[in-house]
Every structure is written in structure tokens, then in C-alpha cells.
Chemist: 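Sending over a structure as C-alpha cells; questions will come in a sec.
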Amino acid sequence: MTEDSKSFFYVLPKWLKYILPGLREASGMADFDDNSFLVETGGGYPRIKKQLQDTIITFQNDVVPPDYFIVCYDTDDANGEQVKADVAMFEAFFQQANVTYSFLVLPMKRCFETWLLGNREVWPAFLNDDFAPWAQYYPVNHKDPEYMEKPTSFQDTNSMYHFRYLQKMLRCSVKKNYSKRSPGYVSNESYLSGILSRVEEMGDMRSFQSFLDIIRCMKRDCKA
């Protein structure tokens with residue numbers, strides 16, 4: 001379950017098809033079975049809390065239960081204590097329902113765009129005037145994007161700064177536009193491979209690595 005129906009909701013099914021080719025994408029709850037995966041939206045915060053509880057109940061009563069249930073949400077500007085409290089709240093929904101399947105609450109540090117900044121293969125060879133100040137402030141090709149803090153002069157959230165950074169980087173390097181409703185280019189397998197290569201080489205982006213760990217468990221189970 002993704003927090004909302006924006007970029008990650010559109011991109012995740014495509015990424016899962018690359019990583020887990022043995023599973024098909026279910027079109028909805030009624031289509032879900034042992035050989036499929038399903039990506040549902042939580043409808044944004046705080047609606048995701050009720051949506052998650054309703055989905056857990058549906059799996060208990062009407063639908064084949066999953067082997068894994070993953071909840072992904074943006075931490076935005078939440079501090080460590082708030083993230084722990086949010087994770088505990090989401091986990092309690094599963095625990096109270098006494099589910100028998102594996103579940104994971106995955107807080108994405110900052111936002112999905114933070115992960116997308118991890119692709120060093122799309123770092124521009126030459127910096128244009130629009131992107132240069134952003135690249136010089138915090139070069140994500142060398143520094144962990146999950147720890148990038150917005151400059152004090154930026155009058156919005158860290159997540160919005162990461163979003164704007166990604167837009168400017170992609171326009172500079174590959175002449176591609178990016179939006180939350182039309183992520184397009186970042187959905188392809190080569191873009192995902194660029195992030196995977198970076199994480200393997202640099203060992204950073206820990207929240208993305210947590211995502212990979214659970215997907216690899218799913219992959220091993222698919223082969224079993």
C-alpha cells in the first residue's frame with residue numbers, strides 16, 4: 001500500500017514487474033491470488049489509516065491473504081521520534097487483527113523523489129544555469145540524498161525541495177519532464193538499475209535498502 005496515488009503508486013507496479021517477473025499484477029482485490037501482487041493507495045494522510053484497516057479486514061474475510069503486506073509512506077519532515085510513533089501505529093493495526101502473514105511498515109525517508117535522486121547515471125555531464133546552484137549546494141551523485149536538507153532560503157518542505165531538485169536534474173541531464181501524476185521516464189528498468197547500482201557501490205540510501213531487502217525476500221519465495 002502506498003501513501004497516496006501519486007508518483008510511487010504509478011511507478012511501483014512497473015518496478016515490481018522487473019524485479020519479480022514471476023508475479024502478475026492483480027487488477028484489484030477480486031483478482032488477487034497466490035501468483036500476483038497488488039498495489040493499493042491509502043488515499044493520502046490521514047485517510048491511509050482507515051484504508052489500511054479496511055484492507056486488512058478485507059483480506060481476513062473475503063480475499064486470499066497475502067504472503068507479504070508492505071505499507072510505504074513518506075516521512076517528509078518528521079523527526080526520528082515521530083517516525084517511530086507512526087511506524088508503531090501502523091504496525092498496531094496488523095497486530096490487533098492477529099494477521100498470520102508477514103508485514104512491514106516502510107517509512108521512505110523524505111519522499112519517493114529522494115530515492116529517484118539516487119540514480120547517478122542521470123547526473124548531468126554539464127550543469128546548466130538552472131540546475132547548477134542546486135547541484136553545487138548538495139551533489140547527490142556523491143552524497144546520500146536521504147540526508148539532503150533544504151537550504152534555509154527555500155520556503156517549503158524538504159520533500160518539495162527534493163521534488164524540485166529532481167525536476168531540474170532530469171531536465172538538465174536527459175531533457176525529461178517529471179511530475180507526480182506523470183512520472184514516465186523514471187518508471188523504466190534502466191532508471192531502477194541506476195539506483196540499484198548506486199546502492200550496491202556506495203552502500204547508502206538506507207530506507208531504499210530496506211525496500212530492497214523485503215523485495216528480495218519475496219523474490220526468493222517466488223523461486224522456492
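Only this structure's heavy atoms are used, side chains among them; waters, hydrogens and symmetry mates stay out.
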Chemist: Under a 4.5 Å cut-off applied to non-hydrogen side-chain atoms, are L20 and M218 in contact?
Modeler: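 Yes, at least one pair of side-chain atoms sits under 4.5 Å.
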Chemist: Does any N or O in the side chain of S182 come within less than 3.5 Å of the main-chain N or O of S179, such that one atom is a donor and the other an acceptor?
Modeler: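 Checked: no pair found.
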Chemist: Do the non-hydrogen side-chain atoms of R171 and D130 ever get within less than 4.5 Å of each other?
Modeler: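 Result yes, sub-4.5 Å side-chain heavy-atom pair found.
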Chemist: Walk me through whether W134 and L127 qualify under side-chain contact (heavy atoms from CB on, under 4.5 Å).
Modeler: CA-CA 10 Å; W134 299 65; L127 303 179; over 6 Å; no
Chemist: For the aromatic rings, using the six-membered ring if either is Trp, is the centroid distance between Y165 and F131 under 6.0 Å?
Modeler: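 Yes, the ring centres sit under 6.0 Å apart.
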Chemist: Apply ring pair (Phe, Tyr, Trp, His ring centres under 6.0 Å) to F112 and list each qualifying residue two or more places apart in sequence or on a separate chain.
Modeler: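 Expected list: F8, W15.
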Chemist: Does NZ in K180 sit with more than 12 non-hydrogen atoms of other residues, nucleotides or ligands closer than 6.0 Å?
Modeler: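 For K180, atom NZ is crowded (more than 12 foreign heavy atoms under 6.0 Å).
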Chemist: About how many Å separate OG of S5 and CZ of R181, when rounded to the nearest 0.5 Å?
Modeler: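 One gets 4.5 Å once the value is rounded to the nearest 0.5 Å.
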Chemist: So does K49 pair up with D54, basic N to acidic O under 4.0 Å?
Modeler: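 Looking at D54 together with K49, the answer is no, because their closest N to O distance does not fall below 4.0 Å.
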Chemist: Give a yes or no on whether Y147 and F163 share a hydrophobic cluster (residues Ile, Leu, Val, Met, Phe, Trp, Tyr; joining criterion: side-chain heavy atoms under 4.5 Å apart).
Modeler: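 Yes, same cluster.
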Chemist: What pair of heavy atoms forms the shortest contact from A26 to L38, and how long is it?
Modeler: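 Shortest heavy-atom contact: O-CD1, 3.6 Å.
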Chemist: Do M89 and I57 share a hydrophobic cluster (ILVMFWY, side-chain heavy atoms under 4.5 Å, transitive)?
Modeler: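 Cluster IDs for M89 and I57 differ.
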Chemist: Which is it for L52 and V71 under the side-chain contact (heavy atoms from CB on, under 4.5 Å) test, yes or no, and what are the steps along the way?
Modeler: CA-CA 8 Å; L52 175 57; V71 180; 3.9 Å; yes
Chemist: Start with the C-alpha distance between L16 and V39, add both sets of side-chain angles, then the distance that settles side-chain contact (heavy atoms from CB on, under 4.5 Å), and finish with yes or no.
Modeler: CA-CA 10 Å; L16 290 177; V39 178; 4.2 Å; yes
Chemist: Hey, does N177 have a side-chain heavy atom less than 4.5 Å from the side chain of Q167?
Modeler: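 They are not in contact (no side-chain heavy atoms under 4.5 Å apart), so the answer is no.
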Chemist: Is there side-chain contact between K14 and K17, with heavy atoms separated by less than 4.5 Å?
Modeler: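 Contact flag for K14/K17 side chains = no.
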Chemist: Does the side chain of S159 pick up a donor-acceptor pair with the side chain of E113 at under 3.5 Å?
Modeler: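 On atom types as modelled, these side chains do not qualify, holding no pair under 3.5 Å.
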Chemist: Would you confirm whether E3, through its side chain, and D74, through its main-chain N or O, come within 3.5 Å as a donor-acceptor pair?
Modeler: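 Flag set: sc E3 to bb D74 pair under 3.5 Å.
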Chemist: Taking side chain to side chain donor-acceptor pair (under 3.5 Å) as the definition, give me every residue that meets it alongside E201, ordered by chain and number, with sequence neighbours left out.
Modeler: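 Applying side chain to side chain donor-acceptor pair (under 3.5 Å) to E201 gives R120.
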Chemist: T75 and P107: which non-hydrogen atoms are nearest, and at how many Å?
Modeler: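 That would be CG2-CB, 3.5 Å.
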Chemist: Does the ring centre of F103 sit less than 6.0 Å away from the ring centre of F90?
Modeler: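 No: the rings miss the under 6.0 Å criterion.
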Chemist: Where do I56 and V99 come nearest, in terms of heavy atoms and distance?
Modeler: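 Heavy atoms only, the tightest pair is CG2-CG1, 3.9 Å.
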Chemist: With side chains defined as the heavy atoms from C-beta onward, is the minimum distance between R24 and N35 less than 4.5 Å?
Modeler: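 Sidechains of N35 and R24: no contact.
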Chemist: Taking all non-hydrogen atoms of both residues, which atom of Y191 and which atom of L116 are closest, and how far apart?
Modeler: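 Residues Y191 and L116, closest heavy atoms: OH-O, 2.7 Å.
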Chemist: What residues, two or more places apart in sequence or in another chain, satisfy ring pair (Phe, Tyr, Trp, His ring centres under 6.0 Å) together with F9?
Modeler: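 With sequence neighbours excluded, F9 shows a ring pair (Phe, Tyr, Trp, His ring centres under 6.0 Å) to no residue whatsoever.
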Chemist: For residues 34-71, which residue pairs pass the ring-ring contact (aromatic ring centres under 6.0 Å, His included) check, not counting sequence neighbours?
Modeler: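 Sorted result for residues 34-71: F32-F59, F59-F69, F69-F94.
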Chemist: For Y10 versus P183, what's the shortest heavy-atom pair and its separation?
Modeler: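 Looking at all heavy atoms of both residues, the closest pair is CB-CG, 4.0 Å.
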Chemist: Does E200 CD have over 12 foreign heavy atoms under 6.0 Å away?
Modeler: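 Atom CD in E200 is not crowded, with 12 or fewer foreign heavy atoms closer than 6.0 Å.
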Chemist: When you measure from the side chain of D76 to the backbone N and O of A78, does any donor-acceptor pair fall under 3.5 Å?
Modeler: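 No.
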Chemist: In the structure I gave you, are the side-chain heavy atoms of T41 and M1 within less than 4.5 Å of one another anywhere?
Modeler: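 T41 does not reach M1 side chain to side chain.
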Chemist: Within this structure, what is the CG-CZ distance for the pair L166 and R164, rounded to the nearest 0.5 Å?
Modeler: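 Going from CG on L166 over to CZ on R164, the span is 11.0 Å.
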Chemist: Can you give each donor-acceptor pair under 3.5 Å made by side-chain atoms of residues 204-216, sequence neighbours left out, with the distance rounded to 0.1 Å?
Modeler:
from: D204; atom 1: OD1; to: R198; atom 2: NE; distance (Å): 3.1
from: D204; atom 1: OD2; to: R198; atom 2: NE; distance (Å): 3.1
from: D204; atom 1: OD2; to: R198; atom 2: NH2; distance (Å): 2.9
from: S207; atom 1: OG; to: K109; atom 2: N; distance (Å): 3.3
from: S207; atom 1: OG; to: W115; atom 2: NE1; distance (Å): 2.9
from: S207; atom 1: OG; to: E146; atom 2: OE2; distance (Å): 2.7
from: Q209; atom 1: NE2; to: G203; atom 2: O; distance (Å): 3.1
from: Q209; atom 1: NE2; to: D204; atom 2: O; distance (Å): 2.7
from: S210; atom 1: OG; to: R206; atom 2: O; distance (Å): 3.2

Chemist: Check this for me: Y137, atom OH, are more than 12 non-hydrogen atoms of other residues, nucleotides or ligands nearer than 6.0 Å?
Modeler: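 Yes, because the 6.0 Å sphere around OH of Y137 holds more than 12 heavy atoms from other groups.
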Chemist: Could you pull out all residues at least two apart from N141 that satisfy side chain to side chain donor-acceptor pair (under 3.5 Å)?
Modeler: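 So N141 forms no side chain to side chain donor-acceptor pair (under 3.5 Å) with any residue.
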Chemist: Please answer: with hydrophobic residues joined when any side-chain heavy atoms are less than 4.5 Å apart, are V186 and V174 in the same cluster?
Modeler: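 In one cluster: yes.
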Chemist: Taking the side chain as C-beta and beyond, is there a heavy-atom pair between L192 and N188 under 4.5 Å?
Modeler: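 Not in contact.
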Chemist: Which heavy atom of E121 sits nearest to which heavy atom of S190, and what is that distance?
Modeler: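 So the two residues come closest at OE1-O, 4.4 Å.
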Chemist: Using 0.5 Å steps for rounding, measure from the CD atom of Q60 to the OG1 atom of T58.
Modeler: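 Going from the CD atom of Q60 to the OG1 atom of T58 covers 9.5 Å.
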Chemist: Between Y138 and K143, is there a side-chain heavy-atom distance shorter than 4.5 Å?
Modeler: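 K143 reaches Y138 side chain to side chain.
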Chemist: Quick one: do R110 and E149 make a salt bridge, cutoff under 4.0 Å?
Modeler: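 Result for this pair is yes, salt bridge flagged.
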Chemist: List the steps, then state whether side-chain contact (heavy atoms from CB on, under 4.5 Å) holds for M169 with V140.
Modeler: CA-CA 10 Å; M169 183 179 77; V140 294; 4.3 Å; yes
Chemist: Could you tell me whether a side-chain N or O of D4 sits under 3.5 Å from a main-chain N or O of G43, the two making a donor and an acceptor?
Modeler: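 No, the answer is negative, given that no donor and acceptor are paired below the 3.5 Å cut-off.
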Chemist: Would you compute the distance between atom OG1 of T55 and atom NZ of K50 and round it to the nearest 0.5 angstrom?
Modeler: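 Atom-to-atom, T55:OG1 and K50:NZ are 9.5 Å apart.
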Chemist: With hydrophobic residues grouped by side-chain heavy-atom distances under 4.5 Å, do L196 and M202 end up in a single group?
Modeler: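 As far as the 4.5 Å side-chain criterion goes, M202 and L196 are not connected within one cluster.
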Chemist: Under the 3.5 angstrom rule, does the side chain of S197 hit a backbone N or O of G194 as a donor-acceptor pair?
Modeler: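 Not confirmed, S197 side chain does not pair with G194 backbone.
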Chemist: Group every Ile, Leu, Val, Met, Phe, Trp and Tyr by side-chain heavy-atom contacts under 4.5 Å, then state whether Y101 and V105 land in the same group.
Modeler: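 Linked within one cluster.
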Chemist: For M148, is there any backbone N or O sitting under 3.5 Å from a side-chain donor or acceptor partner on H162?
Modeler: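 Yes, the answer is positive, given that a donor and an acceptor are paired below the 3.5 Å cut-off.
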Chemist: Answer yes if the side chains of Y73 and T2 hold a donor-acceptor pair under 3.5 Å, and no otherwise.
Modeler: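 Result is no, nothing qualifies.
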Chemist: State the CG-OG distance between N119 and S193, to the nearest 0.5 angstrom.
Modeler: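 Atom-to-atom, N119:CG and S193:OG are 9.0 Å apart.
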Chemist: Could you tell me the separation between the CG atom of D129 and the SG atom of C172, rounded to the nearest 0.5 Å?
Modeler: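 Between atom CG of D129 and atom SG of C172 there are 9.5 Å.
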